[in-house]
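Structure first, commentary second.
Just follow the structure's listing: the first ligand is 1, and inside any ligand the first atom is 1.
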Amino acid sequence: MTPPTATWAEGRVAFITGATSGFGKAFAERIVKAGGRVIATGRREDRLKALADAAPEGRCLTRVMDIRDPASILASLADLPEAFAPIDILFNNAGLALGLGKAHEADLADWDTMIATNVTGLAHVTRAVLPGMVARNRGHLINMSSVAASYPYPGGNIYGATKAFVRQFSLNLRCDLLGTAVKVTSIEPGMAETEFSEVRFKQDGAAAAKVYADMQPMTADDIVDVVESVLRLPAHINVNTLEVMPVAQAFGPFAVARGG
Ligand code: NDP
Ligand code: 8X3
């Protein structure tokens, strides 16, 4: 077997969506530390600035970008300096869950936001970055899906469906990219403690803390370890989907309504 790439990050450029928090921030820090360059994007400019300030000179470019705004995506990719233009890694990570209520009681605006971010936004970024990868015959799309793509749970309604889109989109991209060297991986984590639950519960810190109470969730760095292991593989191996959970999380039984 070919040995793993020692310099998995050196000389590589990663375009990261959602670099201001959680997995995206941790991945930006990891790749910069390992000798790569990042184009870090997100809406919170102060967080992007902090990321760039902490990175070695010339290794972190930032772009304020709302993934729901196609013009903002195109502006982020326009006129990239030469050192950042050949994007090797697209970390398609920006996304969110909003609410955990029943479908028939859910806020439709929350559904629209999840679809616009997790589905439409991710598709638009992919469409904008992919032609360059194909032209260079080099690249890796890391698409952030979730265990929610495969396993239904109460209140997961639209969120899980958007993550099922990410998984299936990733697999379909593999078909279209056959014959090129461009790789696609759908990463499908379970519970990881980031700002994810604070966002889901709309800044209700107590509700967010309850999700991870008295159990050991994964961390953003754990997920980045998994992503790094995928990126270290030799050029001829593609990990299609990769599901990962904390040991303290598993599956429930089928639910049955009785007495009806
Ligand atoms: P965080 O809330 O910590 O980070 C989410 C990131 O997405 C932030 O950087 C945020 O940036 C960005 N984002 C959200 N909306 C937009 C937008 N409209 N435009 C641009 N950026 C946006 O969560 P995680 O790091 O946990 O989540 C990252 C991804 O992983 C998500 O897709 C999530 O669904 C998925 N995931 C998370 C799991 C978990 O348990 N944590 C498990 C499985 C999957 P900003 O607000 O600055 O724009
Ligand atoms: C986030 C993981 O289990 O909260 O995608 O849906 S979960």
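Exactly one of Asn92, Val38, Ile89 qualifies for a side chain to side chain contact (heavy atoms under 4.5 Å, CB included) with Ile16. That residue is Val38.
With sequence neighbours left out, the side-chain contact (heavy atoms from CB on, under 4.5 Å) criterion links Ser197 to Phe201, Ala208, Val211, Tyr212. Considering only residues two or more places apart in sequence or on other chains, Asp53 meets the side-chain contact (heavy atoms from CB on, under 4.5 Å) condition with Lys49.
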Table of N or O contacts for ligand 2, cutoff 3.5 Å:
unit_1, atom_1, unit_2, atom_2, d
ligand 2, 5 (O), Ser146, OG, 2.6
ligand 2, 5 (O), Tyr159, OH, 2.6
ligand 2, 6 (O), Tyr153, OH, 2.6

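Panel note: side chain Arg12, backbone Trp8; a donor-acceptor pair is recorded below 3.5 Å.
The two atoms that bring Arg44 and Ser21 nearest to each other are NH2-CB, 3.7 Å, heavy atoms only. Summarising the geometry of Val184 relative to His140, their closest heavy-atom pair is N-CD2, 4.2 Å, with the distance given to 0.1 Å.
Protein residues having a heavy atom under 4.0 Å from any atom of ligand 1 are Gly18, Ala19, Thr20, Ser21, Gly22, Phe23, Gly42, Arg43, Arg44, Met65, Asp66, Ile67, Arg68, Asn93, Ala94, Gly95, Thr117, Met144, Ser145, Ser146, Tyr159, Lys163, Pro189, Gly190, Met191, Ala192, Thr194, Glu195, Phe196, Val199, listed by chain and number.
More than 12 heavy atoms of other residues, nucleotides or ligands lie within 6.0 Å of NZ in Lys183, so this atom counts as buried by the packing criterion.
Checking Glu188 against Tyr151 by side-chain atom types alone, no donor-acceptor pair falls below 3.5 Å. For Ser170 and Asn143, the side-chain atoms include at least one donor-acceptor pair closer than 3.5 Å.
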